[in-house]
Amino acid sequence: MKFGIVVNEGPYQHQASDSAYLFAKAAIAAGHEVWRVFFYHDGVNNASRLTEPPQDDRNIVNRWTKLAEDHKVDLVVCVAAALRRGIKEENLAQGFRISGLGQLVESGIKCDRLVTFGD
Amino acid sequence: MLHIVNKSPLTSGTLESCLNTMVDGGDVLLIEDAVYAATAGSAFESKLSAAMGRCKVHVLMPDLEARGLGDRLLAGVSPVDYAGFVALTVSNKNCQSWL
Amino acid sequence: MSDNKKFMFVNRKAPYGTIYALESLEVVLITAAFDQDVSLAFLDDGVYQLKKGMQTKGIETKNFSPTYRALEDYDVEKLYVEKEAMEARGLNEDDFIVGVTVLSRAEMGKLMDEQDVVLSF
């Protein structure tokens with residue numbers, strides 16, 4: 001099956017991003033495709049390459065980057081939500097791209113299931 | 001339909017809204033702070049038990065275990081891992097997260 | 001797979017306290033442009049999003065409620081309010097900035113069940 005995932009909360013503050021990541025990994029392990037992860041609201045903060053968690057903690061941003069590299073997952077950050085919150089090309093982590101809300105709608109149209117993680 | 005809930009029923013009306021609104025026969029998955037609803041002895045126990053007559057209730061065990069309540073699973077609630085979560089989204093034709 | 005799906009936006013959060021209501025509306029407008037079957041559902045505190053007479057000057061925030069009236073221009077005409085939620089808040093249909101269809105909780109649940117994609121923010 002083709003999955004789309006929506007992440008509406010930022011990393012560390014809320015469990016949503018962790019839940020979404022673990023769901024994506026499990027879907028891929030089960031042989032499904034995670035076609036796109038769309039980051040909206042404070043979820044855009046998952047794409048900041050300036051994030052520096054303590055060394056004994058998980059690196060949420062790098063984890064997304066690696067998932068994109070290993071499994072060709074399209075990580076899309078909403079441009080309007082990103083600009084509001086200071087996420088721009090210049091501080092965008094690898095594997096992410098900034099685009100419009102149409103990419104979220106497209107996920108709903110093209111994927112068999114769209115699963116949202118938020119507050 | 002799979003209904004995904006992530007709030008504790010003791011601080012938020014989300015789970016109650018979900019249970020009151022959903023069509024009979026659906027699946028409910030408790031994740032994140034909603035896993036507290038799946039514990040025996042909580043003030044929400046009677047409401048969840050009543051709902052289990054109309055729908056199937058599942059709980060994401062990694063979230064319950066993380067909160068130190070892995071041994072308090074309420075009878076009748078079906079424990080799932082992340083693979084089980086994925087399977088529920090596949091077996092239901094649609095899903096919604098009650099945010 | 002059909003390219004025309006039933007999208008429902010479920011709004012359960014009050015406006016201004018958080019940004020969800022405003023950013024949800026932005027998605028609705030975009031979805032309409034994709035020629036999808038769009039409906040909006042207002043449950044719980046989401047009902048407050050539709051209250052008319054918002055005066056946001058004092059909180060120095062944009063009043064986005066007129067946008068609900070513009071939805072018609074985008075052919076988004078299916079706005080559903082849950083009756084129990086509306087009544088629990090002491091509101092009735094005349095309190096809303098736009099015309100809505102009031103549904104019972106049971107009718108709302110059935111409508112949700114029929115959707116292809118349900119987005120809530």
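Numbered from 1 within each chain, the chains take letters A, B, ... in sequence-line order.
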Trainee: Compare every heavy atom of Arg84(A) with every heavy atom of Leu22(C), then report the nearest pair and how far apart it is.
Mentor: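 Where Leu22(C) meets Arg84(A) most closely, the heavy atoms are CD2-NH2, 3.9 Å.
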Trainee: Go through the atoms of Gln36(C) and report whether side chain, backbone, both or neither lie under 4.5 Å from a heavy atom of chain A.
Mentor: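 Contact with chain A is through the side chain of Gln36(C) alone.
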Trainee: Going from CG on Leu119(C) to CG on Leu104(A), what distance comes out if it is rounded to the nearest 0.5 angstrom?
Mentor: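 So the CG of Leu119(C) and the CG of Leu104(A) are separated by 5.5 Å.
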Trainee: Relative to chain A, which segment of Phe7(C) carries a heavy atom at a distance below 4.5 Å: side chain, backbone, both, or neither?
Mentor: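 Interface part for Phe7(C): side chain.
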Trainee: Count the heavy-atom pairs under 4.5 Å between each of Val118(C), Ile30(C), Val117(C) and chain A, then report the option with the highest count.
Mentor: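 Most pairs with chain A among the choices: Ile30(C).
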Trainee: Can a donor-acceptor pair be found, under 3.5 Å and without considering hydrogens, that links the side chain of Tyr40(A) to the backbone of Glu23(C)?
Mentor: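 Answer holds: yes.
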Trainee: Looking at Lys2(A), I'd like to know if its NZ atom is crowded, meaning that more than 12 non-hydrogen atoms belonging to other residues, nucleotides or ligands lie closer than 6.0 Å.
Mentor: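 Yes - once you tally the heavy atoms of other residues, nucleotides and ligands closer than 6.0 Å, there are more than 12.
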Trainee: Looking only at heavy atoms, what is the nearest atom pair of Ser24(C) and His41(A), with distance?
Mentor: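 That closest heavy-atom pairing would be N-CE1, 4.4 Å.
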Trainee: Does Gln13(A) CD have over 12 foreign heavy atoms under 6.0 Å away?
Mentor: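 Result for CD/Gln13(A): open.
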Trainee: Regarding Lys5(C) and Glu106(A), does a basic nitrogen lie under 4.0 Å from an acidic carboxylate oxygen?
Mentor: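 Not counted as a salt bridge, because no side-chain N and carboxylate O are separated by less than 4.0 Å.
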Trainee: More than 12 heavy atoms of other residues, nucleotides or ligands under 6.0 Å from CZ of Phe34(C): yes or no?
Mentor: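 Count over threshold, so yes.
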Trainee: Measure the spacing between CG of Asn8(A) and OH of Tyr20(C) and express it to the nearest 0.5 Å.
Mentor: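 Spacing of CG (Asn8(A)) from OH (Tyr20(C)) equals 7.0 Å.
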Trainee: Around atom NZ of Lys83(C), are there more than 12 heavy atoms from other residues, nucleotides or ligands closer than 6.0 Å?
Mentor: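 No - once you tally the heavy atoms of other residues, nucleotides and ligands closer than 6.0 Å, there are 12 at most.
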Trainee: Could you look at Thr18(C) and say if it's the side chain, the backbone, both or neither that has a heavy atom under 4.5 Å from chain A?
Mentor: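 Neither part.
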Trainee: Using heavy-atom distances under 4.5 Å, tell me whether Arg113(A) contacts chain C through its side chain, its backbone, both, or neither.
Mentor: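 Contact with chain C is absent: no heavy atom of Arg113(A) under 4.5 Å.
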Trainee: Can you say whether Gln103(A) sits under 4.5 Å from chain C via the side chain, the backbone, both, or neither, judging by heavy atoms?
Mentor: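 No part of Gln103(A) comes within 4.5 Å of chain C.
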Trainee: Taking atom CD of Glu72(C) as the centre, does the number of heavy atoms from other residues, nucleotides or ligands within less than 6.0 Å exceed 12?
Mentor: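 Counting neighbours around CD of Glu72(C), 12 or fewer heavy atoms of other residues, nucleotides or ligands fall under 6.0 Å, so no.
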Trainee: Report the residues that fulfil ring pair (Phe, Tyr, Trp, His ring centres under 6.0 Å) with His14(A), sequence neighbours left out, ordered by chain and then residue number.
Mentor: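 For His14(A) there are no ring pair (Phe, Tyr, Trp, His ring centres under 6.0 Å) partners, ignoring immediate neighbours.
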Trainee: Identify which part of Leu101(A) has an atom lying under 4.5 Å from any heavy atom of chain C, answering side chain, backbone, both or neither.
Mentor: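 The answer is both parts of Leu101(A).
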Trainee: Can you tell me if CD on Glu69(A) sees more than 12 non-hydrogen neighbours from other groups inside 6.0 Å?
Mentor: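 For Glu69(A), atom CD is crowded (more than 12 foreign heavy atoms under 6.0 Å).
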Trainee: Considering only heavy atoms, give the residues of residues 92-107 of chain C separated from chain A by less than 4.5 Å, sorted numerically, with 'none' for an empty result.
Mentor: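 Residues qualifying by a heavy atom under 4.5 Å from chain A are absent, so none.
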